[in-house]
Amino acid sequence: MKKDSILTYFLLVFFILIGIYLSSITYITPITLFVIRAGHGLLISGIILVLGKLLGIYRKRKSFSSVELLLSQDFGELYFPPWIIKKKKNTIFISTDAKSSIYLVLVSIMVCILISYVFIPSFDDIINGTIEFTLGNILSILVLIYLLAGVLISISLFSLIRRVIKVIDKETHILRVYRSIKLDKKNQKDGKKKLQIPIANLNNSEIELRGYYLYLVPLEGAKGEFKLINRWRYNEKYILIQSSDENFIKDLNSGIKKFLGFQTSNFSEKIE
């Protein structure tokens, strides 16, 4: 089991058990009201984590379990966080998962609501002096939490809007790259909003290890908007995809070459 999965399960158990315990405390003073509401917040947070985990498990079970199985079918998708790879007949779509960004936005909003639920009802007690917290301290905590949530929301929305979609089109022999929330006919016709790379370049793709595995595609003969991939260029090559999972990247590389009818013996790997 991966370390991040172990941490997630630990937080699930911790939030739910502590939340249940604190929520069961009998109200006696304003302090206990604060503790009870904090317990409610932890319990709801635990439930949100459980729902998120179940959603991830459901999506993985619904998608294909390997690149080879996906590319052997006419239609389907492979969910490999943070990536979504879709197959539609002679076309492969690769992009980051938009649903994960949306989920993070919703969770951030929910955290703000929970924090408000825990702290705001205590303002009267603070002002009346029945709670030994200053209003300034509480406001500082709220502002800090809200700022953090705002940063997470901004990053998620930025990632969603600037999401790059890669389209490997076997019929046109082109690897098209778009920056778009939705791939539509308007984007396909507008040459200023896309980069086109000869699909033959995928036969000379490489995998390089630089902290994580990069799937590199040469840019020879490419045309269009190179600004789309400025953040994903390395040594005059385009980073089609990156991951910490070596097997996933290798399977994707060999699977795409097999799908395009290339010889997989050209596979090369560099480790620096």
Side-chain angles (χ1 to χ4, degrees), residues 1-63 65 79-84 96-160 212 243-245 248:
M1 185 180 295
K2 296 182 178 180
K3 291 182 179 180
D4 56 346
S5 297
I6 295 175
L7 179 60
T8 300
Y9 288 121
F10 173 78
L11 289 175
L12 289 177
V13 175
F14 176 80
F15 282 3
I16 291 176
L17 291 181
I18 299 299
I20 292 174
Y21 173 74
L22 296 180
S23 299
S24 64
I25 294 176
T26 303
Y27 174 75
I28 301 175
T29 65
I31 291 292
T32 55
L33 174 61
F34 172 80
V35 172
I36 290 169
R37 291 209 167 200
H40 293 164
L42 287 174
L43 184 58
I44 294 172
S45 298
I47 292 173
I48 292 174
L49 285 173
V50 169
L51 292 176
K53 195 67 177 178
L54 291 176
L55 180 62
I57 293 173
Y58 170 76
R59 293 187 67 192
K60 280 190 175 182
R61 289 185 177 275
K62 186 179 178 181
S63 70
S65 58
Y79 174 57
F80 195 92
W83 304 103
I84 285 287
T96 52
D97 182 27
K99 293 180 181 178
S100 296
S101 298
I102 295 172
Y103 175 76
L104 185 57
V105 169
L106 295 177
V107 168
S108 299
I109 293 173
M110 181 61 68
V111 168
C112 287
I113 294 173
L114 289 176
I115 294 296
S116 300
Y117 171 78
V118 172
F119 284 101
I120 289 179
S122 303
F123 278 1
D124 290 337
D125 295 308
I126 294 170
I127 294 172
N128 295 330
T130 53
I131 293 182
E132 296 180 359
F133 290 112
T134 65
L135 184 60
N137 289 337
I138 297 298
L139 287 175
S140 297
I141 294 173
L142 287 175
V143 169
L144 183 62
I145 299 270
Y146 293 157
L147 283 176
L148 179 60
V151 170
L152 290 175
I153 290 173
S154 299
I155 292 174
S156 299
L157 292 177
F158 183 78
S159 300
L160 184 64
Y212 45 85
S243 174
S244 59
D245 192 311
F248 168 65

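Note that the structure is predicted; figures quoted are calculated from it, not measured.
- Residues forming a side-chain contact (heavy atoms from CB on, under 4.5 Å) with Ala38 (at least two apart in sequence, or on another chain): Val118.
- Tyr79 is linked by a ring-ring contact (aromatic ring centres under 6.0 Å, His included) to nothing, counting only residues two or more places apart in sequence or in another chain.
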Please output the side-chain donor-acceptor pairs of residues 54-62 that fall under 3.5 Å, not counting sequence neighbours, one pair per line with the distance.
| unit_1 | atom_1 | unit_2 | atom_2 | d |
| --- | --- | --- | --- | --- |
| Arg59 | NH1 | Asp97 | OD2 | 2.7 |
| Arg59 | NH2 | Asp97 | OD1 | 3.1 |

Quiz item: Could you go step by step and tell me if Ile16 and Leu43 meet the side-chain contact (heavy atoms from CB on, under 4.5 Å) rule?
Solution: CA-CA 5 Å; Ile16 291 176; Leu43 184 58; 4.1 Å; yes
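- Rounded to the nearest 0.5 Å, atoms CG (Leu12) and NZ (Lys53) are 7.5 Å apart.
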Identify each donor-acceptor pair in which a side-chain atom of residues 141-155 lies under 3.5 Å from a protein atom, sequence neighbours left out, and give them as a table.
| unit_1 | atom_1 | unit_2 | atom_2 | d |
| --- | --- | --- | --- | --- |
| Tyr146 | OH | Ser116 | OG | 2.2 |
| Ser154 | OG | Gly150 | O | 2.8 |

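- Between Gly41 and Leu114, the closest heavy-atom pair is O-CD1, 3.8 Å.
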Exercise. Please report the C-alpha distance between Thr26 and Thr32 in whole Å, then the side-chain angles of each, then the deciding distance to 0.1 Å, and finally whether the side-chain contact (heavy atoms from CB on, under 4.5 Å) criterion is met.
Key: CA-CA 7 Å; Thr26 303; Thr32 55; over 6 Å; no
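- Counting all heavy atoms, side chain and backbone alike, Phe80 lies closest to Asp245 at CZ-OD2, 3.6 Å.
- Rounded to the nearest 0.5 angstrom, Met110 CE and Ser45 OG are separated by 9.0 Å.
- Interatomic distance, CG of Leu157 versus CG of Leu104, reported as 9.0 Å (0.5 Å rounding).
- In terms of the side-chain contact (heavy atoms from CB on, under 4.5 Å) criterion, residue partners of Leu42 (sequence neighbours excluded) are, by chain and number, Phe15, Ile18, Leu22.
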